Amino acid sequence: MSVIGIDLGGTKIAAGVFADGAIQSKTTVPTPEAGGQAVIEAMASAARSAMEAAGVRARAIGLGTPGPLDFKQGIIKFAPNIAGFTNFPIQRLLEEASGLPVYVENDANAAALAEHFLGAARGAESSLFVTVSTGVGGGFVWGNRVLRGAHGQGGEVGHITVLPGGPSCGCGLEGCLEALATGPAMERMAQAVYKREVGTRELFARFQAGEAKARRIVLQAAHYVGIGLASLVKAYDPEVIVLGGGIALNAGQAYLDEVHATYEHYLEGWIAPPLRLAELGSEAGLLGAALTAAVEVGEV
Ligand SMILES: [Zn+2]
């Protein structure tokens with residue numbers, strides 16, 4: 001038996017048939033700029049193409065989407081990168097367009113499921129996934145389920161407070177991990193230090209060459225990741241932590257060493273779960289979307 005995963009992004013839609021723990025066929029199309037119903041039609045069509053390529057009729061669709069979700073009603077509350085996606089009943093509309101049951105998950109939770117079942121945390125009973133890129137996201141998986149919480153805000157690890165009174169965050173509060181550890185956060189610091197625009201690519205090159213200013217900026221960001229992870233261990237006690245995202249995976253070994261050192265410092269006297277790097281890269285979104293459906297129909 002098989003299910004379909006759909007990874008909906010701001011620029012592209014990937015649909016894949018998933019069976020036997022792997023993607024069997026994959027179709028990728030641009031996300032229609034018109035948004036709304038055009039996105040629904042594009043997803044249903046990509047799902048049909050993926051099924052035709054694999055020669056199967058899937059049982060269900062798992063959909064990974066950006067933006068906060070109302071899981072109970074299958075509604076995207078808002079997705080800034082897709083037109084018309086405010087209070088958008090994506091689950092019902094995709095069910096109508098595809099004729100298949102649809103299970104919706106946010107993209108960070110989907111990636112957490114993928115790393116749990118098929119990536120760096122496979123074999124663990126519980127795992128915490130944290131991704132550090134232009135934002136900080138993640139998910140906690142336990143007993144084959146990703147924690148959504150009572151209101152769909154479980155696993156929003158980017159907005160734990162790591163520096164009270166610190167820089168403003170996109171969520172409207174201040175001192176969140178996301179306001180201190182992401183690419184944009186480092187670029188803001190770099191702008192203040194170098195008195196000009198410095199992108200993360202240049203910053204990382206300077207950091208890896210050992211430049212003092214770049215080291216201060218990047219190691220400080222790593223420090224806050226370590227603090228955040230240590231706090232999350234005390235909340236969830238996962239068997240394994242998986243760290244992913246463009247910043248965490250590309251900053252370099254000195255960055256990871258600082259994350260580790262801080263993590264262990266703030267877990268002195270506690271059991272520190274192993275910290276592993278994500279293995280699935282950009283496929284995590286599609287695999288996780290498929291796993292969302294596979295878990296619901298009892299194929300995992
Ligand atoms: Zn925040």
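Since we're looking at a predicted model, the values are computed, not measured. Quick note: residue numbers are just sequence positions, from 1.
Here the closest heavy-atom approach between residue G21 and residue L118 is recorded as O-CD2, 3.7 Å. G244 approaches A278 most closely through the heavy-atom pair CA-CB, 3.7 Å. Pairing each heavy atom of L173 with each of C176, the nearest pair is CB-SG, 4.3 Å. Minimum interatomic distance between A293 and I4 (heavy atoms only, all atoms of both residues): CB-O, 4.5 Å. Scanning both residues, G139 and N109, for their nearest heavy atoms gives CA-OD1, 3.7 Å. Shortest non-hydrogen contact noted between G288 and A114 is N-CB, 3.7 Å.
In this structure a side-chain-to-backbone donor-acceptor pair under 3.5 Å is missing from E178 to G135. Of the possible donor and acceptor atoms, none in the side chain of R206 sits under 3.5 Å from a partner among the backbone N and O of A214. For E115 (side chain) and E279 (main-chain N/O), a donor-acceptor pair under 3.5 Å exists by modelled atom type. Checking side-chain atoms of T86 against main-chain N and O of F78 turns up no donor-acceptor pair under 3.5 Å. A donor-acceptor contact shorter than 3.5 Å links the side chain of R122 to the backbone of G119. With hydrogens and angles ignored, the 3.5 Å screen pairs no side-chain donor or acceptor of T262 with any backbone N or O of I227. The closest donor-acceptor contact from the side chain of T182 to the backbone of A185 lies under 3.5 Å. Looking at E239, its side chain does come within 3.5 Å of a backbone N or O of E125 through a donor-acceptor pair. Remark: the backbone N or O of A110 is not paired with any side-chain donor or acceptor of E105 at under 3.5 angstrom. Within the 3.5 Å criterion, the main-chain N or O of Q191 finds no donor-acceptor partner in the side chain of E197.
At least one side-chain heavy atom of M43 sits less than 4.5 Å from a side-chain heavy atom of I90. Inter-residue side-chain proximity for L219 and F207 is flagged as met; some heavy-atom pair is nearer than 4.5 Å. Side chains of L147 and W142 form no contact here, defined as non-hydrogen atoms less than 4.5 Å apart. Using a 4.5 Å heavy-atom cutoff, the side chains of P32 and V39 are in contact. Annotation: side chain of V233 is in contact with side chain of Y263 (closest heavy-atom distance under 4.5 Å). For the pair N81 and P66, the minimum side-chain heavy-atom distance is 4.5 Å or more. Between F18 and L286, every side-chain heavy-atom pair lies at or beyond the 4.5 Å cut-off. In this structure the side chain of T200 never reaches within 4.5 angstrom of the side chain of N250, judged on heavy atoms.
In this structure, OG in S231 is found 5.5 Å from CD1 in I160, a value given to the nearest 0.5 Å. Interatomic distance, L275 CG to L267 CG, rounded to the nearest 0.5 Å: 10.0 Å. Here K77 contributes atom NZ and D70 contributes atom CG; the two are 5.5 Å apart, rounded to the nearest 0.5 Å. Here the CZ-NE2 distance, from R145 to H116, works out to 12.0 Å after rounding to the nearest 0.5 Å. I13 contributes atom CD1, which lies 7.5 Å from atom CD1 of I82 (distance to the nearest 0.5 angstrom). Between the CG atom of N87 and the CD atom of Q73 there is a distance of 9.5 Å, given to the nearest 0.5 Å.
Ring geometry, F88 versus F85: the interplanar angle falls under 30°, so the pair is classed parallel (tilted spans 30 to 60°). Note: H223 and Y266 have perpendicular aromatic rings, judged against thresholds of 30 and 60 degrees for the angle between ring planes.
Placement of V132 and L177 within a single hydrophobic cluster is found when ILVMFWY residues are connected by side-chain heavy-atom separations under 4.5 Å, directly or transitively. If you chain together hydrophobic residues whose side chains sit under 4.5 Å apart, F71 and F140 never meet in one group. No continuous path of ILVMFWY side-chain contacts below 4.5 Å connects L229 to V141, so the two sit in separate hydrophobic clusters. A continuous path of ILVMFWY side-chain contacts below 4.5 Å connects L249 to I247, so both sit in one hydrophobic cluster. A chain of hydrophobic side-chain contacts below 4.5 Å, direct or via other Ile, Leu, Val, Met, Phe, Trp or Tyr residues, connects L180 to M189.
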Test side-chain contact (heavy atoms from CB on, under 4.5 Å) on Y194 and L203; report intermediate values, then the result. CA-CA 10 Å; Y194 293 100; L203 185 64; 4.2 Å; yes

Please test L94 against I6 for side-chain contact (heavy atoms from CB on, under 4.5 Å), starting from the C-alpha separation and ending with a verdict. CA-CA 11 Å; L94 185 57; I6 298 180; 4.2 Å; yes

Applying salt bridge (Lys or Arg N to Asp or Glu O under 4.0 Å), run through R216 and E211 and close with a yes or a no. CA-CA 9 Å; R216 225 175 64 235; E211 191 206 86; over 6 Å; no

Take F117 and N144 through the test side-chain contact (heavy atoms from CB on, under 4.5 Å) and record every step on the way to the result. CA-CA 8 Å; F117 284 107; N144 289 1; 3.4 Å; yes

Before giving the answer on side-chain contact (heavy atoms from CB on, under 4.5 Å), spell out for W270 and D237 the whole-Å C-alpha distance, their side-chain angles and the decisive distance to 0.1 Å. CA-CA 10 Å; W270 297 67; D237 190 19; over 6 Å; no

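Salt bridge present: R92 and E96 bring a charged side-chain N and a carboxylate O closer than 4.0 Å. A salt bridge is absent between E187 and R201; no separation between the charged side-chain nitrogens and carboxylate oxygens falls under 4.0 Å.
The neighbour count for E33 CD, taken as heavy atoms of other residues, nucleotides or ligands under 6.0 Å away, does not exceed 12. The 12-atom threshold is exceeded at NZ of K234, counting heavy atoms of other residues, nucleotides or ligands nearer than 6.0 Å.
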